[in-house]
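Inspection log for the structure reproduced underneath, given as structure tokens.
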Amino acid sequence: QVQLVESGGGLVQAGGSLRLSCAASGSIFSVNTMAWHRQAPEKQRELVAFITSSGSTNYADSVKGRFTISRDNTKNTAYLQMNSLKPEDTAVYYCNADVRRRGYGQSTSEYWGQGTQVTVSS
């Protein structure tokens, strides 16, 4: 099985920064695209950013220029550096990853973390 564990959430004032981490572990052959999503109260989950295994990135318009996604393939870990945080960034942030597991050939499966709360006060 594969697990994704997020960390780094918390309470920060507007204008501040946080760095989220997402570590994938388990029976992993390789990790393809990793992504961060977020869900604010009474809103749908939305994609924040993703990064491919080769390092290509894409961001939601609302976070461009403020957030940076990166990864360490040796650790199967993705990061989300969040700067210039705004109250509207308050949400539970979820990591997900497309994983090729050992012993399952070329097939891949998608996994989700449990989420980490980010609260930005005004």
Side-chain angles (χ1 to χ4, degrees):
Q1 195 51 280
V2 173
Q3 299 83 37
L4 297 183
V5 178
E6 300 109 332
S7 61
L11 173 64
V12 64
Q13 288 188 332
S17 299
L18 284 174
R19 188 192 193 210
L20 306 183
S21 299
C22 169
S25 63
S27 185
I28 296 172
F29 181 85
S30 63
V31 181
N32 300 326
T33 298
M34 301 185 78
W36 287 96
H37 301 249
R38 67 185 181 187
Q39 187 165 20
E42 301 182 0
K43 291 189 177 181
Q44 289 190 332
R45 189 173 297 190
E46 63 173 351
L47 175 66
V48 175
F50 70 80
I51 183 167
T52 67
S53 56
S54 61
S56 296
T57 60
N58 192 274
Y59 298 90
D61 288 342
S62 59
V63 306
K64 281 181 182 177
R66 300 188 298 122
F67 291 10
T68 302
I69 189 171
S70 60
R71 64 189 288 168
D72 184 338
N73 290 333
T74 66
K75 297 180 180 179
N76 290 328
T77 298
Y79 305 95
L80 186 68
Q81 178 67 43
M82 305 185 293
N83 299 328
S84 302
L85 282 161
K86 304 175 181 179
E88 51 263 45
D89 294 318
T90 295
V92 178
Y93 283 70
Y94 297 91
C95 172
N96 89 313
D98 185 54
V99 178
R100 183 180 168 191
R101 293 178 292 169
R102 295 185 186 279
Y104 285 81
Q106 298 289 330
S107 67
T108 62
S109 300
E110 188 177 27
Y111 295 89
W112 288 84
Q114 80 288 352
T116 185
Q117 177 70 46
V118 171
T119 303
V120 184
S121 63
S122 57

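These figures come from a predicted structure and were not determined experimentally.
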- Message: With rounding to the nearest 0.5 angstrom, report the CE to CZ distance, Met82 to Arg19.
- Response: 11.5 Å
- Say whether, by atom type as modelled, one donor and one acceptor occur between the side chain of Glu6 and the main chain of Gln114 under 3.5 angstrom. yes
- Item | Charged N-O contact under 4.0 Å between Asp89 and Lys86 | no
- Message: Let me check something: do Val12 and Tyr79 share a hydrophobic cluster, defined by ILVMFWY side-chain heavy atoms less than 4.5 Å apart, either directly or through other members?
- Response: no
- So, do Cys22 and Arg71 sit near enough that their side-chain heavy atoms are less than 4.5 Å apart? no
- Taking the side chain as every heavy atom from C-beta outward, state whether Ser70 and Gln81 have any pair of such atoms under 4.5 Å apart. no
- Task: Could you tell me which residues satisfy side chain to side chain donor-acceptor pair (under 3.5 Å) with Thr119, sequence neighbours excluded, listed by chain and number?
- Result: Gln117
- Please report the closest heavy-atom contact between Leu47 and Ala35, naming both atoms and the distance. CD1-CB, 3.9 Å
- Query: Going from OG on Ser30 to CZ on Arg101, what distance comes out if it is rounded to the nearest 0.5 angstrom?
  - Reply: 12.0 Å
- Query: Just wondering, do Val2 and Ile28 contact through their side chains at under 4.5 Å, heavy atoms?
  - Reply: yes
- Item | ILVMFWY cluster, Ile69 and Val31 together (side-chain gap under 4.5 Å) | yes
- Report yes or no: do Trp36 and Val92 belong to one cluster of Ile/Leu/Val/Met/Phe/Trp/Tyr joined by side chain heavy-atom distances under 4.5 Å? no
- Query: Sub-3.5 Å donor-acceptor pair from the side chain of Thr90 to the main-chain atoms of Val120, do we have one?
  - Reply: yes
- Ser122 and Pro87: which non-hydrogen atoms are nearest, and at how many Å? CB-CG, 3.8 Å
- Query: Does Tyr94 share a hydrophobic cluster with Tyr111, counting links as ILVMFWY side-chain heavy atoms below 4.5 Å and allowing steps through other members?
  - Reply: no
- Just say parallel, tilted or perpendicular for the rings of Phe67 and Tyr93, cut-offs at 30° and 60°. tilted
- Query: Looking only at heavy atoms, which two atoms of Asn96 and His37 are closest? And how far apart?
  - Reply: OD1-NE2, 3.1 Å
- Task: Check the hydrophobic clustering (I, L, V, M, F, W, Y; side-chain heavy atoms under 4.5 Å; chains of links allowed) and say if Met34 and Val63 are grouped together.
- Result: yes
- When rounded to the nearest 0.5 Å, the distance separating OG1 of Thr108 from CG of Asp98 is 3.5 Å
- Message: If you apply the rule side chain to side chain donor-acceptor pair (under 3.5 Å), what do you find for Ser17 with Asn83, and how did you get there?
- Response: CA-CA 4 Å; Ser17 299; Asn83 299 328; 2.9 Å; yes
- Could you state the interatomic distance from CZ (Arg38) to OG1 (Thr116), rounded to the nearest 0.5 Å? 14.0 Å
- Item | Gap separating the OG atom of Ser54 from the CG atom of Asn32, nearest 0.5 angstrom | 10.0 Å
- Check Tyr59 against Ala49 and note the closest heavy-atom contact, atom names and distance. CD2-CB, 3.5 Å
- Message: Does any part of the side chain of Gln106, heavy atoms only, come nearer than 4.5 Å to the side chain of Arg100, both counted from C-beta?
- Response: yes
- Query: Would a distance-only check, ignoring hydrogens and angles, find a side-chain to backbone donor-acceptor pair under 3.5 Å from Asn73 to Ser53?
  - Reply: yes
